[in-house]
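Computed over heavy atoms, backbone and side chain alike; hydrogens, waters and symmetry mates excluded.
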Amino acid sequence: MRSLKILPAILMLLAMPLAAAAQQPTTVSEVVDKVVRQEQAEVQLLRQYSPLVETYIQNLRADKELGAVPDGDKYFLGRAELGKGVELETLDRDAGMKHKIFGSWAGFFSTEFVPRGFLQMIYLDMNGFDRAHYRIEYVRREFLGEVRCLVFDVDPLPKSGKGRFVGRIWVEDQDYHIVRFNGAYGGSSLTSNYFNFDSWRTNAGKNLWLPAFVYSEQGSVRDPKTKRLGLRAFRAQTRLWGYDLGNVREEQELSKVLVEGPVPVNDQTVTSNDLSPFQAERSWDRQAEDNVTERLERQGLLAPRGEVDKVLETVVNNLEVTNNLEIQPEVRCRVLMTSTLESFTLGHTIVLSRGLVDVLPDEASLAVILAHELGHVVLGHRMDSQFAFFNRVRFDDKETFRHFDFARTPEEEQAAKQKGTELLSNSPYKEQSGASQLFLQALKNRSKEIPNLISPHLGDRVSTSWTTVAAVFSAPPSNTDAKPTGKAIAALPLGGRIKVDPWNDQLRMLKSKPIDTVSQSEKAPFEVTPFVLYLTRQGEHSSTEAATNVAVKSDPDTTP
């Protein structure tokens, strides 16, 4: 009798995997239906987010030796309001500040490029991706990093309207989210053009794939048709990050368990804990630093502390130790999230932009930049201590660059150069001169072609002056216009060092296989290059449960 009771339970357990398997699509047609529903849900899901968006464009010209090189650039930084479609709120300075050199936002950037057009590339089709408008054909299976994908070719049906996507999509094979699409929107005209683009999404948690990177390109410097149509060849990168600003750290802090003893501790120490005026001054300055860094981090402009900061602090420590420096409070390093090349100090906090760290070819070149900023710290160049009052950092996000300006006076810059020279001359980086000099010379040679990339948001431009490096290193190149040959790399392309997690803004050093031989045209210093991501699946974030619930619901009006 006991076996008769157990047998139905066994049969029920055996039936459970079969029932689960039955829910998975078994034909190509069923897979396509699932993909369409997920993409429609994706459009609805993204409405709850307001990530930061950065678009950097480089126009190209032909070069006999290098093929195509930058010839002017454009830059946009803003916050997307995805709940309103592809609306953007600019975070750049107004026309009286940064744009006084390059023209106003409305009068310069938008006459040639529409920033929201690049943001639109995070969507396959906002007006209806379904079988009524598209023919979707299965091609093959393919891995993108660790994620196995199904590959489909997508073409709009006749008379389906302009602006429909034409190209190829990659679909992860567990929940059938589109994780990459490569192609263009059809229907360009004389007054508006759609560009070729390659759009990537990254996994931020269970059933959650978010747009992160878009590479776009149009025209060729060697194609006569490009010039004949009056178009300029260009390459562009669009990056999105800050989907979960401030939430993760706050939840972790609230969830900490505090263990208290049953009997209150009575501190019997006789040592005085009062601060002298000198110590109070230091504490006040540190509070100003903390207020500013916290504000920038919560806004998504400053990366949370992580492994990249530790790399920078290791170089700073090497400079301090070899120069017998004991700096109090200790020097910290942080990374600005933007691509613009800049560095500055907030009291005893050294800030380098992600773009600057990206393009530096080696540790010695990094040491040159950090030595200059450490010079400001050693010389006691302070920041505005009024930021210690918390109300001074309470303002609208779009006014950030109007309230924060950490550029130094020419006198302070010159003094820091001299001190940086001294610090380098006593450091272990003194003998590693080659790459540092090549980097500064390459930056100087390219500065006219990339004015927006070298225009800082908050700090100072990277100085291309040879005084610091040439004074330290005994053998500067005899020909300052010489180009690096062989394996020498003057500067890396954008994205050459750092990997960005668009969900929590964490930065990690890029781990790529070294390449033995790189041609002169492939070195691409300071240039825009395509994105090719190594996709992985992440664990479920505690803050994504609501997003997951949204993702599995499709709009009944758009379901095919």
Side-chain angles (χ1 to χ4, degrees), residues 281-282 285-286 288-289 292-293 296 302 309 311-336 340-353 355-357 359-360 362-385 387 404-430 432-433 435-437 439-441 443-444 447 454-473 476:
E281 188 78 34
R282 284 185 174 181
D285 288 345
R286 197 65 157 184
E289 293 177 40
V292 172
T293 54
L296 291 174
L302 199 70
D309 303 319
V311 171
L312 304 184
E313 288 169 356
T314 298
V315 177
V316 170
N317 181 71
N318 293 340
L319 293 169
E320 290 183 19
V321 170
T322 53
N323 283 275
N324 298 316
L325 297 175
E326 294 185 5
I327 302 175
Q328 293 296 331
E330 65 179 353
V331 177
R332 304 177 295 191
C333 292
R334 301 297 296 271
V335 179
L336 198 66
T340 49
L341 310 187
E342 60 182 297
S343 63
F344 56 93
T345 58
L346 301 170
H348 285 207
T349 300
I350 297 175
V351 181
L352 270 61
S353 66
L356 178 56
V357 179
V359 299
L360 290 168
D362 63 359
E363 186 175 327
S365 302
L366 177 60
V368 170
I369 305 298
L370 290 173
H372 176 78
E373 299 302 335
L374 186 59
H376 285 295
V377 176
V378 173
L379 293 171
H381 295 163
R382 301 172 61 189
M383 63 181 292
D384 186 352
S385 62
F387 288 120
F404 287 156
D405 185 359
F406 307 111
R408 295 294 178 179
T409 65
E411 293 76 17
E412 288 177 328
E413 277 291 282
Q414 184 59 37
K417 286 180 182 179
Q418 294 177 358
K419 178 55 70 172
T421 298
E422 179 184 328
L423 297 175
L424 282 172
S425 65
N426 297 324
S427 76
Y429 305 105
K430 178 179 180 179
Q432 304 171 33
S433 62
S436 304
Q437 297 180 67
F439 172 79
L440 293 177
Q441 186 59 45
L443 183 58
K444 182 177 181 180
S447 59
I454 63 175
S455 295
H457 291 293
L458 296 171
D460 293 296
R461 290 192 182 195
V462 177
S463 174
T464 57
S465 170
W466 284 79
T467 55
T468 301
V469 178
V472 175
F473 300 127

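Under the 30°/60° scheme for interplanar angles, the aromatic rings of F344 and F406 are found to lie parallel.
Annotation: side chain of L374 is in contact with side chain of I327 (closest heavy-atom distance under 4.5 Å). L458 is listed as a side-chain neighbour of L296, based on a closest heavy-atom distance under 4.5 Å. Between T340 and P456 the shortest side-chain heavy-atom distance does not fall below 4.5 Å. At a threshold of 4.5 Å between non-hydrogen side-chain atoms, the residues L424 and V368 count as touching. Considering only heavy atoms from C-beta on, E413 comes within 4.5 Å of H376 through its side chain. Counting only heavy atoms from C-beta outward, the side chains of L440 and K444 never approach each other to under 4.5 Å. A heavy-atom distance below 4.5 Å is not found between the side chains of L302 and V335. T349 has its side chain out of reach of V292: every pair of non-hydrogen atoms, C-beta onward, lies at least 4.5 Å apart.
For the pair R408 (side chain) and H381 (backbone), a donor-acceptor distance under 3.5 Å is present. No side-chain donor-acceptor contact under 3.5 Å links S427 to the backbone of L319. At distances below 3.5 Å, at least one donor-acceptor pair connects side-chain atoms of E313 with backbone N or O atoms of C333. Looking at E363, its side chain never comes within 3.5 Å of a backbone N or O of V315 through a donor-acceptor pair.
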Run the side chain to side chain contact (heavy atoms under 4.5 Å, CB included) check on Y429 and N318 step by step: do they pass?
-> CA-CA 9 Å; Y429 305 105; N318 293 340; 2.9 Å; yes
Given salt bridge (Lys or Arg N to Asp or Glu O under 4.0 Å), test E289 with R334 step by step and report yes or no.
-> CA-CA 11 Å; E289 293 177 40; R334 301 297 296 271; over 6 Å; no
Are D362 and S365 close enough, and set up right, to give a side-chain hydrogen bond (donor to acceptor under 3.5 Å, both in side chains), and what steps lead you there?
-> CA-CA 6 Å; D362 63 359; S365 302; 2.7 Å; yes
Output, in order, the C-alpha distance, side-chain angles, deciding distance and verdict of side chain to side chain contact (heavy atoms under 4.5 Å, CB included) for L312 and I350.
-> CA-CA 9 Å; L312 304 184; I350 297 175; over 6 Å; no
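Separating the CZ atom in F404 from the CG atom in D384 is a distance of 10.0 Å, to the nearest 0.5 Å. The line from CG of L423 to CD of E320 is 9.5 Å long, rounded to the nearest 0.5 Å. Distance CE/M383 to CG/D405: 11.5 Å, rounded to 0.5 Å. Residue N317 holds its CG atom at 10.5 Å from CG of L325, rounded to the nearest 0.5 Å. Atoms CG and OG1, on L370 and T345 in that order, are 12.0 Å from each other to the nearest 0.5 Å. Rounded to the nearest 0.5 Å, atoms CG (N426) and CG (N324) are 8.5 Å apart.
For R282, there are no side chain to side chain donor-acceptor pair (under 3.5 Å) partners, not counting sequence neighbours. Taking H348 as the reference, nothing meets the ring-ring contact (aromatic ring centres under 6.0 Å, His included) condition, with sequence neighbours excluded.
Among all heavy-atom pairs drawn from V377 and G347, the shortest one is CG2-O, 3.6 Å. Of all heavy-atom pairs between A407 and G459, the closest is CB-O, 3.6 Å. Heavy-atom minimum distance, R461 versus S455: NH2-OG, 3.7 Å.
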